[in-house]
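Both ligands and their constituent atoms are indexed starting at 1 by order of listing.
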Amino acid sequence: MKVKPVAPDRLPELLRAMPKAELHMHIEGSLEPELIFQLAGRNGMTLDYPDVESLRRAYVFNNLQDFLDIYHTGTTVLRTEQDFYDMTHAYLARAHADNVLHAEIFFDTQTHTGHGLDASVVVNGLHRACVDAQAAFGINASLIMCFLRHLSEREAFEALEQVLPLREKIVGIGLASSEVGHPPEKFARVFARCRELGFRLVAHAGEEGPPAYIWSALDVLKVERIDHGVQAIHDPALMRRLADARIALTVCPLSNIKLCVFDDLSQHNLGRMLDAGIAATINSDDPAYFGGYINENFTQTFAALGLSAQQAWQLSANSFNASFADDSVKRRYLERLNGCFETFR
Ligand code: HPA
Ligand code: ZN
């Protein structure tokens, strides 16, 4: 759709009001320090941090691994199905407030089975919250299970085996955790198996890792979307491939700044990705840790890069088109998006 120009001072309002899909957020990364302390209290656990403020102050990272270490501490408070439900409910309420109509939520079971929980506790808690959010907020939420790439192929196969009885509660499979040194090829066989089982496939690639990891996520794992993918900018042939095949990138600008992938938002390559015809989207990744939910990612990125109302529409349309919703549902989302732009004054 051709969009009328919007004055820069009105853009934040449009960005917030605009219907959108969120395709890249890790549910454990939505655990706010307040909820971490609440869950620790009800599970009789003590944390290494005396209070909410001191925990929040620890959220300073030099790279992905720094973050993953603290993020792991937060996950230890999740012990019961109700804990997983409450975490997911809190995120979906917050996403609804940001006018997210559709959320595809990353989770992993390996962190939690490593803490002695059964994978079904994780999946059932998350899934029940997704079902309830449809009635409570009208938001469509589904689940993507990520394998942890720092663990072995054998452990990924075990994680898959454990969730097969819950197959209907999971739409897709992804790949997360420490990227460099753990290329997509390591998971070629387990992704092939997931494909046979009918799961939709995505993978983190090119966040800190090289363009070669994006090529192999596409050609070896055969994923449909790339999570992050910002390092593609260093490989012109890859940029053409992504644009020509309309392979979506789920970009997470505030995450990239917090993890020092770019020095500052004004250096971010999202605008260049859009100019190259790549189907980029904006997402929050781990909103409790990286300084904001999806609308904060939109408003800060637009301010820093001077993006336009036309690009706002494109980013939202990309998010719906790249989602795993049925085509008829996608059409309804796009109608709501167009309606928002037509009535915005
Ligand atoms: N990258 C890789 N793994 C993750 C991330 C991320 O940004 N967030 C949570 N797990
Ligand atoms: Zn991520």
Side-chain angles (χ1 to χ4, degrees), residues 21-32 36 59-76 78 84 87-88 91 95 103-112 114-115 122 126 143-151 155-156 159 172-184 186-187 201-210 213-214 216-217 221 223-232 248-262 268 270 280-294 296-297 301 319 322:
E22 177 145 68
L23 305 179
H24 182 164
M25 70 81 54
H26 304 261
I27 196 63
E28 296 91 341
S30 73
L31 265 184
E32 294 288 345
I36 291 180
Y59 292 177
V60 179
F61 320 108
N62 291 311
N63 53 44
L64 175 59
Q65 194 57 51
D66 267 8
F67 157 70
L68 290 170
D69 294 342
I70 285 224
Y71 169 84
H72 187 260
T73 303
T75 65
T76 59
L78 295 159
F84 289 93
M87 167 174 67
T88 308
Y91 162 69
E104 295 179 7
I105 298 176
F106 289 147
F107 71 101
D108 78 82
T109 56
Q110 290 170 289
T111 298
H112 309 290
H115 299 158
V122 180
L126 300 179
L143 297 172
I144 298 179
M145 180 170 91
C146 291
F147 297 126
L148 298 184
R149 67 203 302 160
H150 68 280
L151 300 178
E155 288 164 299
I173 294 289
L175 188 61
S177 183
S178 321
E179 184 183 8
V180 175
H182 302 285
K186 180 175 165 186
F187 298 94
L201 303 179
V202 299
H204 284 55
E207 176 183 17
E208 292 183 338
Y213 285 19
I214 302 175
S216 58
L221 302 187
V223 301
E224 298 173 68
R225 302 194 296 247
I226 297 287
D227 298 312
H228 293 296
V230 292
Q231 301 303 332
L249 301 187
T250 61
V251 177
C252 307
L254 293 180
S255 164
N256 292 154
I257 303 314
K258 280 282 190 186
L259 301 186
C260 306
V261 174
F262 297 93
H268 202 285
L270 180 70
T281 63
I282 286 187
N283 308 268
S284 68
D285 207 6
D286 299 281
Y289 291 88
F290 296 154
Y293 288 78
I294 192 167
E296 198 62 30
N297 275 269
T301 304
S319 74

Practice task
Report the C-alpha distance between Tyr59 and Phe67 in whole Å, list the side-chain angles of each, state the deciding distance to 0.1 Å, and finish with yes or no for ring pair (Phe, Tyr, Trp, His ring centres under 6.0 Å).
Solution key: CA-CA 8 Å; Tyr59 292 177; Phe67 157 70; 8.4 Å; no
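In summary, of the residues considered (Thr281, Asp285, Val230), a side-chain contact (heavy atoms from CB on, under 4.5 Å) with Val251 occurs for Val230 alone. If you run side-chain contact (heavy atoms from CB on, under 4.5 Å) between His228 and each of Asn256, Asn283, Leu249, only Asn256 comes through. The one candidate from Arg149, His26, Glu179 that meets the side chain to side chain donor-acceptor pair (under 3.5 Å) condition with His204 is His26.
With a cut-off of 2.8 Å, the Zn ion (ligand 2) has no N, O or S atom of Asp286 in range. The Zn ion (ligand 2) has no N, O or S atom of Cys252 inside 2.8 Å of it. Here His204 reaches the Zn ion (ligand 2): one of its N/O/S atoms is less than 2.8 Å from the metal.
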Exercise answer, ligand 1 polar atom pairs (N/O) under 3.5 angstrom:
residue  : atom  : partner : partner atom : Å
ligand 1 : 1 (N) : Glu207  : OE1          : 2.9
ligand 1 : 3 (N) : Ser177  : N            : 2.8
ligand 1 : 7 (O) : Glu207  : OE2          : 3.2
ligand 1 : 7 (O) : His228  : NE2          : 3.3
ligand 1 : 7 (O) : Asp285  : OD1          : 3.4
ligand 1 : 7 (O) : Asp285  : OD2          : 2.7
ligand 1 : 8 (N) : His26   : NE2          : 3.3
ligand 1 : 8 (N) : Asp286  : OD2          : 2.7

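The atom of Asp285 that is an N, O or S and sits closest to the Zn ion (ligand 2) is OD1. Its N, O or S atom nearest to the Zn ion (ligand 2) is what matters here, and for His26 that atom is NE2.
Side chain to side chain, Ser178 and Gln65 meet the donor-acceptor criterion of an N or O pair below 3.5 Å. Residues Glu22 and Tyr91 bring a donor and an acceptor atom of their side chains to less than 3.5 Å of each other.
Below 30°, between 30° and 60°, or above 60°: for Phe61 and Tyr289 the angle between ring planes is between 30° and 60°, a tilted geometry.
Here the two rings, on His112 and Phe107, have centers that are 6.0 Å apart or farther.
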